[in-house]
Amino acid sequence: MSDEELAKDLGLLSALTIGIGTMVGAGIFVLPGVAASTAGPIVVVSFVVGGLIALVNALSVSELGTAMPKAGGGYYYVNRALGPLFGSIAGLGDWMGLAFASAFYSIGFGQYLATLLPMPDIFFLTEVQVGALVAGGVFVGVNYIGAKETGGLQTVIVTILLAILALFAVQGWLSFEFGTLLGDGGAAPFGYGAILPGTALVFVSFLGYAKIATVAEELKNPGRNLPLAIIGSVAIVTVLYALLVSIMLGVVPWTELSQSAPLTQATQVAFPGGLAGLAVTIVSLGALLATASSANASILASARINFAMGRDRIVTNWLNEIHPKYATPYRSIVVTGAVIVVFIAALGRDIEVLAKAASVLHLVVYAMMNAALIVFRETDPEYDPAFTVPFYPFTPLVGIALSLGLLAFVGGQELLLSGLFVVGAVIWYFLYARRHATRQGLLGRHVLDRDDDLPPSVVGAAATVAPDGSGRGDDAPTTMVALSNPRTERSLVTLGATLAKRDGGRVLATHVVQVPDQTSLEAAAEQRDRISKTSEQLVADARDDAERLGVSVETKTILSHEGLAEVFDAARERGVDRLVMGHSGTKLAGGRVEGKLDELTHDLPCDVLVLDERGFDASEVLVPTAGGHSSDLSAEVARTLQETLDARVSVLHVADDAAAGQAFLEEWVAEHELEEVEMLVETGDVETAIGEAAADKSLVLVGATERGLLSRLVGGSLKLSVLDDLDATVLLAERPRRRSVRERLFGRP
């Protein structure tokens with residue numbers, strides 16, 4: 001499928017509230033009681049340490065997000081930098097981590113719902129789990145409708161939530177006592193070593209900032225708004241945690257703080273008798289809003305990660321489908337919702353397992369994101385973030401150390417559960433994703449392109465994990481560019497590199513130096529310096545142009561008595577996937593790539609694209625089509641030009657009947673997954689229709705004819721001499737197919 005884009009519906013306030021809403025919901029309403037029983041009053045420091053770790057990572061997320069505002073967040077960055085193996089770990093890990101977190105937040109919703117509205121037990125589910133399932137279903141539905149509704153709802157929720165917390169903070173401070181905060185055991189009854197285990201438990205409270213990056217593709221002005229939203233949400237929430245948890249523990253002794261509804265309990269103690277009931281009701285409603293907003297934002301983010309993985313073929317492209325009305329990846333949202341339901345039902349009785357599993361998976365992803373930032377900085381000359389982390393490379397290295405270091409303080413059960421998901425992601429990569437992924441990571445390309453300078457074990461490891469069809473060498477999709485003269489070199493290489501970049505492949509730039517028949521090839525080789533001086537400059541320019549476009553390139557000069565025939569032979573011997581060449585003085589109006597004699601006796605070695613000598617400008621593309629085998633190739637090329645060069649594509653069909661022509665064209669466009677194209681249906685003469693439609697176009701992309709040679713010569717059935725008279729560049733596309741002698745002469749029946 002095409003690389004679909006999500007609509008930009010979210011502003012700064014919506015993005016900021018996605019982060020704040022998620023973090024505040026978990027940190028204040030769900031975890032203080034559970035965390036205090038683990039660490040004592042020093043748990044306040046655990047929250048602050050968690051905020052500092054999150055802030056270091058948030059700096060790296062901000063830089064990556066401003067450089068690449070794409071759906072998928074951390075997964076997208078890791079996949080592009082470290083490759084699809086680590087992308088699979090990051091994507092599936094982040095997706096599962098967010099699903100764990102969503103289930104955790106939904107359970108928190110169920111806990112507070114049970115204090116206001118008792119729910120029945122159903123089968124093996126407790127009333128809390130039943131309430132959690134209700135919450136999960138509602139917010140899956142909200143995300144299904146669209147991010148615009150999600151962001152607006154999130155803003156309302158967070159505004160109400162902050163007002164409720166402000167009321168509690170004021171009244172709670174009036175009831176605050178240091179004696180209650182410290183208790184009999186002091187600030188650290190379990191020792192100061194309990195700080196980091198406490199941090200490992202509460203770190204799930206700081207996952208909201210990374211969720212902002214997962215919707216970066218839908219964010220207005222991401223260069224400015226993304227770092228403001230990410231860093232601002234972490235700073236605001238860390239301060240809120242420090243203040244509110246301290247007040248809570250100064251109102252209710254930590255040993256007595258409720259593990260299911262801690263803020264409700266603290267509110268009941270803090271407010272005077274007559275107001276206590278009303279205050280408890282308001283706070284409980286606020287808790288429902290808070291935990292619901294956390295679940296809502298997590299479901300939004302996890303679905304976008306799933307969408308991004310589907311777009312890169314790490315998981316099935318079936319997940320890539322965009323809803324025709326709501327413009328959301330609705331299948332991804334439904335699948336994510338199903339996973340959350342399973343977690344609520346299977347693990348909802350132990351909220352600590354859900355919280356810690358979510359933290360572990362996210363910490364692993366954060367470590368890889370910091371590593372990805374370093375790889376981008378060191379290997380990608382086009383990497384240009386609007387925001388850069390201070391103190392590079394110290395900051396991302398510290399982020400890696402802190403993220404992985406905190407794993408040592410998470411329980412064994414949660415580490416085992418999360419480790420199984422990581423192992424499962426690796427297995428998934430080698431069983432499925434490696435065969436379908438088409439993009440090699442920057443790190444892998446960097447290693448493989450320097451195989452002569454690096455240890456064989458390093459190069460071998462990179463080759464082993466490279467995706468099929470994306471690595472370097474025989475497995476890489478190869479676009480061969482046949483060079484002829486300096487005047488057309490840049491146009492041909494630009495076209496070839498554009499196609500190669502789309503499928504993560506490489507360019508093989510080849511110049512065939514044609515030696516006169518009277519001169520032996522051995523004699524020519526002995527005088528190569530004189531004969532190939534022009535060739536060396538030509539292939540050098542080709543290498544520079546391909547590398548400028550960010551594509552791996554190999555160059556080759558061949559001495560041959562043949563010209564065009566040697567080009568085809570070289571493509572056949574090297575097993576290339578497509579060949580890009582100039583028309584070498586031949587007429588494109590014949591409708592086929594080869595000359596008449598070769599057409600009768602040979603099959604093409606691969607897909608072939610022939611560009612005339614009028615340059616290459618893909619801003620306005622016309623694709624005339626009557627269907628046929630090679631029209632599949634012309635559609636693929638048009639789609640690639642759309643996705644990589646923002647080409648505006650028009651598709652033309654000339655028919656005897658306008659209604660029938662419209663039906664044919666709509667079906668052809670849908671079948672070839674072309675989107676946002678202008679459909680033109682004309683009746684009458686083919687040449688006239690093409691000439692008029694091409695008047696304001698820069699490129700005419702036409703598939704080779706299905707007609708046979710004799711049919712064209714005698715019957716004059718193909719009338720495309722207009723192609724030679726156009727002002728626009730003409731690109732002829734032909735896809736090889738085995739044909740009998742009869743088909744070569746008369747065409748397919």
Side-chain angles (χ1 to χ4, degrees), residues 16-17 19-52 54-55 105 108-109 111-112 157-178 180-183 187 195 198-199 201-209 232-271 276 279-294 355:
L16 193 64
T17 54
I20 294 176
T22 302
M23 292 186 281
V24 169
I28 299 303
F29 292 97
V30 179
L31 284 178
V34 177
S37 67
T38 300
I42 201 71
V43 75
V44 175
V45 179
S46 297
F47 276 101
V48 174
V49 171
L52 293 176
L55 187 60
Y105 303 141
F109 181 94
Q111 288 175 339
Y112 279 94
I157 290 174
V158 172
T159 301
I160 295 173
L161 175 61
L162 292 178
I164 292 173
L165 291 176
L167 290 174
F168 168 78
V170 171
Q171 183 61 36
W173 181 250
L174 296 177
S175 303
F176 177 87
E177 294 182 5
F178 279 104
T180 302
L181 173 65
L182 299 178
I195 292 175
T199 300
L201 173 59
V202 303
F203 192 76
V204 69
S205 306
F206 292 93
L207 304 185
Y209 72 90
S233 64
V234 172
I236 291 170
V237 167
T238 301
V239 172
L240 283 174
Y241 287 161
L243 291 175
L244 293 172
V245 176
S246 296
I247 292 173
M248 203 178 303
L249 296 177
V251 172
V252 179
W254 67 269
T255 55
E256 301 175 14
L257 191 61
S258 170
Q259 297 193 19
S260 60
L263 193 60
T264 295
Q265 180 189 23
T267 300
Q268 191 167 19
V269 173
F271 280 80
V280 165
T281 300
I282 293 174
V283 168
S284 296
L285 291 173
L288 292 178
L289 286 174
T291 51
S293 71
S294 298

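Any value given below was found using the heavy atoms of this structure, including those in side chains, with hydrogens, waters and symmetry copies removed.
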Do you know the tightest heavy-atom contact between [X] and [Y]?
X	Y	answer
Thr267	Val280	CG2-N, 4.0 Å
Trp254	Leu182	NE1-O, 4.4 Å
Thr199	Ser46	OG1-O, 3.1 Å
Ala35	Val43	CB-CG2, 3.4 Å
Phe203	Ala54	CE1-N, 4.1 Å
Ser284	Thr264	OG-OG1, 3.3 Å

*Step by step, would you call Leu181 with Val251 a side chain to side chain contact (heavy atoms under 4.5 Å, CB included)?*
CA-CA 7 Å; Leu181 173 65; Val251 172; over 6 Å; no

Would you check if [X] and [Y] make a side-chain contact, meaning some heavy-atom pair closer than 4.5 Å?
X	Y	answer
Leu263	Phe168	yes
Ile28	Leu161	no
Val49	Val45	yes

_Checking Val44 now: which residues fulfil side chain to side chain contact (heavy atoms under 4.5 Å, CB included) with it, not counting sequence neighbours?_
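For Val44 the side chain to side chain contact (heavy atoms under 4.5 Å, CB included) partners, ignoring immediate neighbours, are Val245, Ser246, Leu249.
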
*Which residues pass the side chain to side chain contact (heavy atoms under 4.5 Å, CB included) test with Thr180, sequence neighbours left out?*
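Side chain to side chain contact (heavy atoms under 4.5 Å, CB included) list for Thr180, sorted by chain: Glu177, Pro253.
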
*What's the verdict on side chain to side chain contact (heavy atoms under 4.5 Å, CB included) for Val204 and Leu31, showing C-alpha distance, side-chain angles and the deciding distance?*
CA-CA 9 Å; Val204 69; Leu31 284 178; 3.5 Å; yes

*So, do Tyr241 and Phe206 have ring centers that fall under 6.0 Å from each other?*
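Here the rings of Phe206 and Tyr241 have centres that are less than 6.0 Å from each other.
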
*Within a reach of under 6.0 Å around CD of Gln259, are more than 12 heavy atoms found that belong to other residues, nucleotides or ligands?*
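For Gln259, atom CD is crowded (more than 12 foreign heavy atoms under 6.0 Å).
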
